[in-house]
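Nothing here was measured: the structure is a model prediction, and the numbers come from that model. One-based numbering along the sequence shown.
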Amino acid sequence: MSKKHNNKISTTQIIVFGFLAIILIGTMLLMLPVAAADGQSTPLVDALFTATSATCVTGLMTLPVFEHWSLFGQIVLLVLIQVGGLGIVATTFTILMILKRRITMKDRVLINEAYALDTYSGLGKTVFRIVRGTLLVEFIGAVMYSFQFIPEYGAIGIWYSVFHAVSAFCNAGIDILSNSSFCGYADNYIVNFTTMFLIVMGGIGFCVWWDVQTVTKEAFKRKMFRKQLFHRLSVHSKLAIVMTLFLIITGTVFFMVFEWNNPDTLGSLPRGKKWMGALFQSVTTRTAGFATIPQENFTDAGTIVTMLLMFIGGSPAGTAGGVKTTTIAMIVITVIMVVKGKQETEVFKRRIPKDNIRTGLAVVSISAMILLTGILILSCVEQTSLLNVAYEAVSALGTVGLSRNFTGTLQNPGKLLIILLMFIGRIGPITMAFAFRVKGNSKGKAGELAEQRILVG
């Protein structure tokens with residue numbers, strides 16, 4: 001009995017093997033001649049690269065999506081993006097239910113912590129809420145896109161609207177309009193704001209959705225003042241919202257400062273629309289991967305800001321990658337507390353457990369070490385500038401998909417390394433968070449602030 005229990009595959013292993021299975025199935029489908037526009041079989045490495053990029057909602061491509069893939073190939077990509085974007089835990093538990101595997105208490109603890117739930121029951125309902133919310137927001141996005149794409153492309157614009165709504169919400173950044181992403185729509189309000197809306201909604205995290213929804217319902221029910229709404233949110237939701245707004249605003253300001261007079265980036269846009277280009281660049285770096293400005297044209301300062309934002313990424317329990325906004329916020333707050341001489345990390349009148357902070361530090365440290373290793377190896381196998389190599393590695397590990405026009409030039413060793421970085425970037429942070437997590441005391445001592453956990457990874 002004990003031996004059987006010990007040999008049972010763990011949930012984190014199912015996360016890894018489940019995503020590997022999806023990628024392999026996608027690779028085989030993309031290798032079929034019917035998946036390519038020219039009717040020829042796609043090489044294994046390129047098919048594997050594309051399937052990994054789509055499933056890990058990254059967006060880096062060695063082959064031009066617009067030219068290479070047929071309608072069948074594009075449908076395969078859409079399915080891979082949707083499955084990958086639904087989330088690691090949601091996908092995993094869907095696989096568990098399909099396999100009719102018994103959901104153990106350990107599994108319930110994992111999904112409870114991943115989505116900040118207050119109950120260990122109703123896992124099927126939780127997955128249903130994720131799927132329903134995802135499809136609703138994607139439908140809204142598709143309708144918004146249709147006002148641009150249907151008049152421009154006719155009936156095929158419906159397909160374009162659906163595909164890009166899913167790709168944007170899932171933070172995949174894969175487009176089928178051209179080989180230059182959304183650069184042709186740099187001054188188009190519909191495409192820009194629809195894309196940014198979907199990116200933020202997907203990247204903020206499902207648990208923030210539910211928290212805001214619950215608090216808003218209570219506010220209307222109890223007729224509370226609007227200023228009380230934010231106060232009643234969980235610490236995680238507050239940090240995710242505040243950090244998201246802070247990064248978007250500061251990123252926009254930095255891009256405007258560094259690129260305002262650059263004729264190859266913002267300088268080429270009408271004066272009244274330069275701010276929109278800067279705003280879009282700030283939002284898309286949150287692991288979305290769409291581009292309205294060629295990334296290789298940015299100044300070195302703008303490129304460094306982009307890499308920093310890509311490494312941070314979006315918020316946990318959503319469709320975004322990176323080490324996550326709340327993880328960085330928690331570490332920054334801890335540093336501030338140390339400078340102030342305080343023993344505990346406090347935010348919004350709550351203490352963050354020490355093991356929670358250690359988990360965040362481990363996620364960031366390991367991600368940084370993997371990134372530096374990836375940059376070192378990639379610089380050895382590819383003949384290009386260090387800036388291009390670093391940009392590509394950060395984009396892959398953060399599952400962003402932005403590139404300085406470098407992905408298509410990768411040799412097979414470089415492609416395999418980027419595949420590994422994309423996979424680690426999508427799977428790694430959350431599994432590390434699960435592996436390092438230790439249940440802490442949430443009550444605290446008398447006279448101390450109550451503890452409240454922050455989602456990381």
Set of residues satisfying side chain to side chain donor-acceptor pair (under 3.5 Å) with respect to S385, sequence neighbours excluded: N388
Verify, without hydrogens or angle tests, whether T287 (side chain) and A320 (backbone) share a donor-acceptor contact under 3.5 angstrom. no
Do S237 and S234 meet the criterion of a side-chain donor-acceptor pair at a distance under 3.5 Å? yes
Applying side chain to side chain contact (heavy atoms under 4.5 Å, CB included) to C183 and not counting sequence neighbours gives S180, P294
Measuring centre to centre across the rings, with the benzene-like ring taken for any Trp, is F182 within less than 6.0 Å of H164? yes
Could you tell me whether the side chain of L279 reaches within less than 4.5 Å of the side chain of M256, counting heavy atoms only? no
Does either side chain, that of Q148 or that of N188, offer a donor lying less than 3.5 Å from an acceptor on the other one? yes
Rounded at 0.5 Å granularity, tell me how far CG in L410 sits from CE in M61. 13.0 Å
Could you check whether any side-chain N or O of S315 sits under 3.5 Å from a backbone N or O of T325, counting only pairs where one atom can act as donor and the other as acceptor? no
Pairwise distance CG(L24) to CG(L48) - rounded to 0.5 angstrom: 7.5 Å
Is there a donor-acceptor contact under 3.5 Å from the side chain of K273 to the main chain of D187? yes
Does I248 offer a backbone N or O that forms a donor-acceptor pair with the side chain of R286 under 3.5 Å? no
Flag side-chain contact, heavy atom, 4.5 Å: M276 against F193: yes
Taken in chain and number order and not counting sequence neighbours, the residues that satisfy side chain to side chain donor-acceptor pair (under 3.5 Å) with T195 are Y145
Atom CD1 of I23 and atom CZ of F49: how far apart are they, to the nearest 0.5 Å? 12.0 Å
Out of V253, V305, I304, D300, which residue meets the side chain to side chain contact (heavy atoms under 4.5 Å, CB included) rule with F258? V305
Considering only NZ, NE, NH1 and NH2 on the basic side and carboxylate oxygens on the acidic side, decide whether K274 and E259 come within less than 4.0 Å. no
Decide whether T407 and E392 meet the rule of one side-chain donor and one side-chain acceptor closer than 3.5 Å. yes
If you measure from OG1 on T319 to CG on N171, what distance do you get to the nearest 0.5 Å? 3.5 Å
With a 4.5 Å heavy-atom cut-off, do T384 and V389 have their side chains touching? yes
CG on L308 to OG1 on T303, rounded to 0.5 Å: 12.5 Å
Mind checking what makes side chain to side chain donor-acceptor pair (under 3.5 Å) contact with N297, not counting sequence neighbours? none
Side chain proximity check, F163 to I174, heavy atoms < 4.5 angstrom: yes
Is any side-chain heavy atom of D264 less than 4.5 Å from a side-chain heavy atom of F298? no
Within the distance-only criterion (no hydrogens, no angle test), does the side chain of T292 pair as donor or acceptor with the backbone N or O of A186 below 3.5 angstrom? no
Counting heavy atoms not belonging to F246, are there more than 12 under 6.0 Å from its CZ? no
Identify each donor-acceptor pair in which a side-chain atom of residues 328-341 lies under 3.5 Å from a protein atom, sequence neighbours left out, and give them as a table.
residue : atom : partner : partner atom : Å
T334    : OG1  : M330    : O            : 2.8
T334    : OG1  : T345    : OG1          : 3.2

Got F255 and T306 here, is their nearest side-chain heavy-atom distance under 4.5 Å? yes
Lys/Arg N to Asp/Glu carboxylate O, R351 vs E346, below 4.0 Å: no
Heavy-atom check, side chain of V83 versus side chain of T55, under 4.5 Å: no
Derivation and outcome, side chain to side chain contact (heavy atoms under 4.5 Å, CB included), residues T285 and F280: CA-CA 9 Å; T285 55; F280 189 94; over 6 Å; no
Taking atom CZ of F290 and atom CD of Q281, what is their separation to the nearest 0.5 Å? 13.5 Å
Give every residue pair that meets the salt bridge (charged side-chain N to carboxylate O under 4.0 Å, His left out) criterion with at least one member in residues 397-425, sequence neighbours excluded. D46-K415
Just wondering, do Y391 and F406 contact through their side chains at under 4.5 Å, heavy atoms? no
N/O donor-acceptor pair under 3.5 Å between R232 side chain and V215 backbone: no
Main-chain N/O of M201 paired with W209 side-chain donor or acceptor, under 3.5 Å: yes
Could you walk me through whether T134 and F206 pass the side chain to side chain contact (heavy atoms under 4.5 Å, CB included) check? CA-CA 9 Å; T134 296; F206 298 112; 3.5 Å; yes
